[in-house]
Each structure stands twice: as C-alpha cells, then as structure tokens.
Visitor: 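Before we start, here is the structure in question, set down as structure tokens.
Lettering of chains follows the sequences in order, A, B, ..., and the numbering in each one begins at 1.
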Amino acid sequence: MTLTCALPNVESPARQGTVGMKHGSGGAAMRRLIAQTLTRGFTDELTDGIGLSAFDDGAALPIGNGQYVIVTTDSHVVHPIEFPGGDIGRLSICGTVNDLAMMGATEPLGLTCSVVLEDGFPIETLERLQCSMRQACREAGTTVVTGDTKVMGRGEVDKIILNTTGVGITRRPISDATLQPGDTIIVTGTIGDHGIALMAVRHGLGLDVDLISDVAPINGLVRAALESVHGAVVAMKDPTRGGLASALHEMGDKSHVGILLDESAIPVTQTIRAIAEMLGLEPLHIANEGKAVIGVRGGTSVTARLLAALRAHPLGRDAAVIGRVVAEHVGRVVLDTGLGRRLVAEPEGEPLPRIC
Amino acid sequence: MRSVLPVGADQLKFRDPSRARALAHAIERTTSAIGRTITVMHVCGSHEQSIAKFGLRATIPKSLDVIMGPGCPVCVTDLPEVDEAVVLAQQGVRVATYGDMLRVPGTAMSLAEAQAQGARIDIVYGAAQAMELARDTTDEVCFFASGFETTAVATAAVLLDDPPPNFSILSAHKYIPPVMEIVAEMPGNRIEGFLAAGHAAAITGWGIFERFVEKHRIPVVVAGFEPLDILAGLARLAELVREGKPAVENMFPRCVTKEGNRNAQQQLWRVFRTTGGNWRGIAHIPNGNLRLRDEFQRFDARRRFTIDLRQFWKYAPSALTQQCVCGDIMAGITSPTKCALFGKECVPDSPVGACMVSSEGTCRIWHQYGGHPDL
C-alpha cells in the first residue's frame, strides 16, 4: 500500500535528492527548501498581520483593539554547547527574545522550552545550561512558562537540542520586507564576534586572543530605539546565521530594493577583522547573536536621534549607519570598499576557515 | 570597516582610498593618451582575489581591460593527473593533498568521490605535513603536489630533508614562465602587457622575465597583492604600453629582487626539471610541468607504482563538461559571466569545471563576490 497525501496535491517543483548542510545555513538554499517544501500548500489566511508566507522572524496575529500577538519559535543546536561568552542555554533564550524584538514585541510575555537530550548527557552540564537560561531571562525581563522534555538514545541526537517559543504583544508589528529607497540602514554594534569565537573553539585555531560571543538579549536596546523615533523604524532583522550579508539580502530581496553599504562604516573589531582576513572569511558572512539591522525612514535628524538612543545603551555603544536603500541593484547588496565597489554574495553553507 | 579599537597597526598603508583614486586617475590619463582600450593579463589567483575583494574593477578605468590568465595551479591540473591520483588511491596508497584538489573533476571521478568509495585521502596544508603523515605510519603515503614554482620549492625542500621510504610525490607542479609565452603567442589574443605575481617573482627573481620581454616585445610588471600594489602595477604597465617600451619593471621591491631567492631556486632545480605537458583547458605547454629528477626517482610515484589509466578510456566527457569554457576563461578569451553554466549548473558545491573548484579559480572568485565584477 502506498500512502498519499489526502489533501489536494500542490504541484511540487520536483526537488530531487536529499537535504544537505547548506539547507541549514540561513542562505538562499535554505529559503528555497522552505518555500518549495515546508511551507508549500499551507494557506495563509491572514488579512492583517504577518503570516507564514512572509518568511519573517515570527508571526503577527491580530487580536483586536489594534493589537497583535507576536509568536516566534527556534530550535537551537550549536557545537560546542559551551563557548566563550555563552552556551546553548543562553543562546536559546536570546535567539527567541531577539526574534520577538525584531517583530516589534520587546516585552516578551513568556517563553516555552522543549529539551531533547541524549542518553548520557551530564546533569551537571544541564544545570549549568539551565542557570544561564535563567540569567538570560532575567536580562530580557521574561521567564520560561512551560516546557517539554525528551531523552533519546546515544547517537540519536547530538547531546542536546533546545527549542524555545516566545510570545509577545505589540501595537506595531515590524516586518523585514518594507524597505524603500532612501531608507537608512543601521547596525547596532560590531559584527562577526559570535561566529569567529565559535569557529576558534570548533576548529581549534589556537589563537592567542580573547574572543567572546556577543550572544545577548537585545529587546531592551530595541525598545529604546523604537521609543526614540516613533514609527520611523520600518524594518528590522537580526543578522544571525549567514551574518549581515544574508540579513541584508533577505531584506532587500523581499522589499524589491538594492542596498548600498559603506565598508568603512561597518563596525568590526580589529581582532575580528584580522582573524577573518587570515582565515579568508568575510566578517559580513559571520553569525551574530546580539545585534540588529534596522531600516530607518526620515531625515538625518531622525537617524541621529535613533543612533543616539542606541549608543546610550550598553549593548549599542558601537551602533553605526552602514548604508542606504536604493532603487537600483534590486535584491543585491553593493559594497563600497573605499577602493572600489563590488557585490556582496550570500554565504553558501557554513563559512569554513581556508585550508591553504 | 570601522575599527572600534585604537588603530595602531599600519595595515591600512596599502589600502588608502585617496591613493587608489589617484592611481586610477593616472591610469585614465595614460589610456586616454593611448586613445583606445588596452588589455593586460595577470596570471595569479591571489591578484584576482584582491581585485574582486576590494572591488577594483569598479575603480580601474574601462579603458584598461584586466583579465585573469592561467593563474590557478589547481585549475590547470590536467584530467590524467587527477586520474593518476585516483588510481593510486584506489590501489590502497594514502593520497595526501591540498583541500582544493579534492573536488577537481577527473575523467571518471574526483578524489572526493574516490574517498566516498572508501579510498584513503588526507587533506594537508603542504608537503611537510604529508611527510609527517608518512613518518607516523608504515603505509605508503603519496603527496599529490600541485602549485606553481612558489609551492614547488616547499615540495623540493621536503624531498631534500631525508623523507621516509614510504613517502612519494605525484607531481602536478607547474611552471609559469612558459605558459606566458604560449598565451602571448595565441592567435587573436589582445594582450599588451603582463602583471606578474609578486610571490612567484620573490623566488625566481624579476630577471627571469627579461628574455620573455625581449622575445615577445610585451612589457611585464611585477606587482604585490595589496590593492595599491595592484593599482600601481597596472598604472606602470599602462605607461609602458603607452611608451611602447617592452621592459620588465619591479613594482614590488619590498619583496622581489632581480636575482630572487637563490637558495630556493637551487633547491627547486636540484629536485625538479621541466617537461612538456597539458595544462587543462589551455594547451600543451613545452616546459610547463615540473617533474622529479632521476636522482629522486625512488620518491616519484610515477616510477614507484604502476599507474594504469586504461580504465578511463571508455569514458566520454559529460554533456555539461563539454559546455565548460574554463580553458577559454584561463586563456583570457572569455569571462565567467559569459559562460552558460556559471552560477547555475556550475557552483562551488558542484563544480563542472576546475575554475569553480579552487579558491584561486576565476569562476570561484567571481562567484564568491557576487558574480558580477563590474558595477
């Protein structure tokens, strides 16, 4: 007997083969897989708000009175599970809190947490992870309100998977698809810190410098930004997997605009810049876990006010205007290197240090 | 990018935008004095990397066409050379090689595919690491060596350092000067000057190009790899074209001398000799391959093992491979964006041609920086 889907068949774009690691790296391949397989056929019946078809960081569901519930979910896997500046526990809280914030909900009502553990996982480690989850919740002003726990056999899961779902409320959901030519692009701090810190541990690079992940809940920072310029923040995205390059590509692509970046304005520490150059990596491709890309509409005074608000916050000290939105180069990100201009490509697969 | 730490390093010395603009203007003045577009060729993946990374093609005036020639040793590794490595691996020899070499397509398969079928392949950073591998085992370890004269010196040094008896070399090393002759003599080429690679010249010395210049009456400028090095090299090259002065000029004097590194040259020529051979997609290049001298035959995989390539005779190149224009790209006749496969069927994950495999390959570099070099 063969089982078939009882629902009306939606013509599949005939993807052959299997899922590869590149499908999980946040770039174009992943977006294709999601669009062509995972979300295919789900009807999006929202007339207001933000639904599945928007491929945003979460959903915005209207609940009347001009209010929206924001829901977002994220499964966290990271190797190693403990790294300089954080661990998978802290990451699981920050990732979801930040996704809520990117949608405009900066005061999470609560989080759920599902844990999948591998047989043999040390309870001592679990306690450490749980402790850092509590700490991250405290920083974000939220808590875990319900959860689920599963244990799987050895080798059936790699140590631990943490899934968190967050719920928040906002009057003004913010999309990542509403940039217009003339908008200004701001990033809230230095880029590349998380990815490089992880890579250094993962590949045993033996670098004699202190590399620390930027993993942090930035809902407070985003709240300060939103309050400083009522309504002028028109788009937001956190540049996690795939880095600034993927985030900007996605925003530009969905908004049908081009983005012009000024390389000299992009904040990056000298250490990260040097390591990235040595390893043949682009800081623009490296993951961040405590940063946001913000699209602002309005004159220079609006931008200045927003920038001042960001810089007054401890997590936004290095915030900077890094570029602007243009009508040309639709779906592309153009980088002015000071010495010339080139396109920024989206990373394909995990960035790997150069072999030779 | 903006540094948030105090800038103390002098790393920006070669990345000064105002000097870059001044050099671009100098090129512009020279080419407008010439009154037409001129074409020059560089022969180095590292030059292309810098040009692409810093977006220099948007700065260099349109009247100077800079094309990349056969500057990627991995890309010009010929099919039978890959086949030899595959056969050795299938015979149970541990093949150690650079990561880039793994996915270079052979006639029937790449080393990566041989590995998937159970062959033992080790990725190493260089010949020395491959030799260490051999020291730690009784297995036969063969280093599949690729690279131009710069890298070949490192391979030579290892062979002169008393390698263990279970160690051998399968040399796919190439020698750049002869291919410049071939490209310069290709009918229909528009090349009026060469930008030579600074690191290779650091070994060979810039004097090596004097005979070439005399014979072909084409100027050669040796240049480094920082953006200003490249722009300054191109500016000087354009001037030499305008002056109608075929000469060698060294624009990388902080690293390159006329004589080069004598010690390295001695090691290179003690171990290797030149011989003719095919460069993938380009042509048969007389004296273009570096092979081990007789004194080192006991370390020469081609003499130590019987490598029977007859199994590959039945293979015809695939339809996609037949559309690949890597050869024309490396000869400077066409460019990646004019290839129908570029960025579609041919991507770094599943390369059709060798130019998409190596991080030194033109197609790979263009793809890495968005696929359109000219904005």
Visitor: Compare every heavy atom of A/Gly338 with every heavy atom of B/Arg21, then report the nearest pair and how far apart it is.
Guide: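 Closest approach of B/Arg21 to A/Gly338, heavy atoms only: NH1-O, 4.2 Å.
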
Visitor: If you define the side chain from C-beta out and look only at heavy atoms, does anything of B/Tyr369 sit under 4.5 Å from A/Glu282?
Guide: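 Heavy-atom side-chain distance check passes, below 4.5 Å.
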
Visitor: Heavy atoms only: give me the nearest A/Ala345-B/Gly370 pair and the separation to one decimal.
Guide: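 What the structure gives for the nearest pair is CB-N, 3.5 Å.
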
Visitor: Heavy-atom pairs under 4.5 Å with chain B are the metric here; pick the option from A/Leu339, A/Asp336, A/Thr337, A/Leu261 that has the most.
Guide: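 Heavy-atom pairs under 4.5 Å are most numerous for A/Leu339.
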
Visitor: Report which part of B/Ala52 has an atom under 4.5 Å of a heavy atom belonging to chain A: side chain, backbone, both, or neither.
Guide: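 Looking at B/Ala52, just its backbone touches chain A.
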
Visitor: If I measure from the heavy atoms of chain B, does A/Val333 come under 4.5 Å with its side chain, its backbone, both, or neither?
Guide: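 Answer is neither: A/Val333 stays 4.5 Å or more from chain B.
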
Visitor: Can you confirm whether more than 12 heavy atoms, excluding those of B/Arg94, are under 6.0 Å from its CZ atom?
Guide: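 For B/Arg94, atom CZ is crowded (more than 12 foreign heavy atoms under 6.0 Å).
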
Visitor: Which atoms form the tightest heavy-atom contact between B/Gly55 and A/Arg342, and what is the distance?
Guide: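 Nearest heavy atoms, B/Gly55 then A/Arg342: CA-CB, 3.8 Å.
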
Visitor: Strictly below 4.0 Å, N to O, side chains only: are B/Lys53 and A/Glu263 in salt-bridge contact?
Guide: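 Between A/Glu263 and B/Lys53 there is no salt bridge, as every charged N stays at least 4.0 Å from the carboxylate O atoms.
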
Visitor: Distance check, rounded to the nearest 0.5 Å: A/Leu335 atom CG versus B/Phe54 atom CZ?
Guide: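 So the CG of A/Leu335 and the CZ of B/Phe54 are separated by 10.5 Å.
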
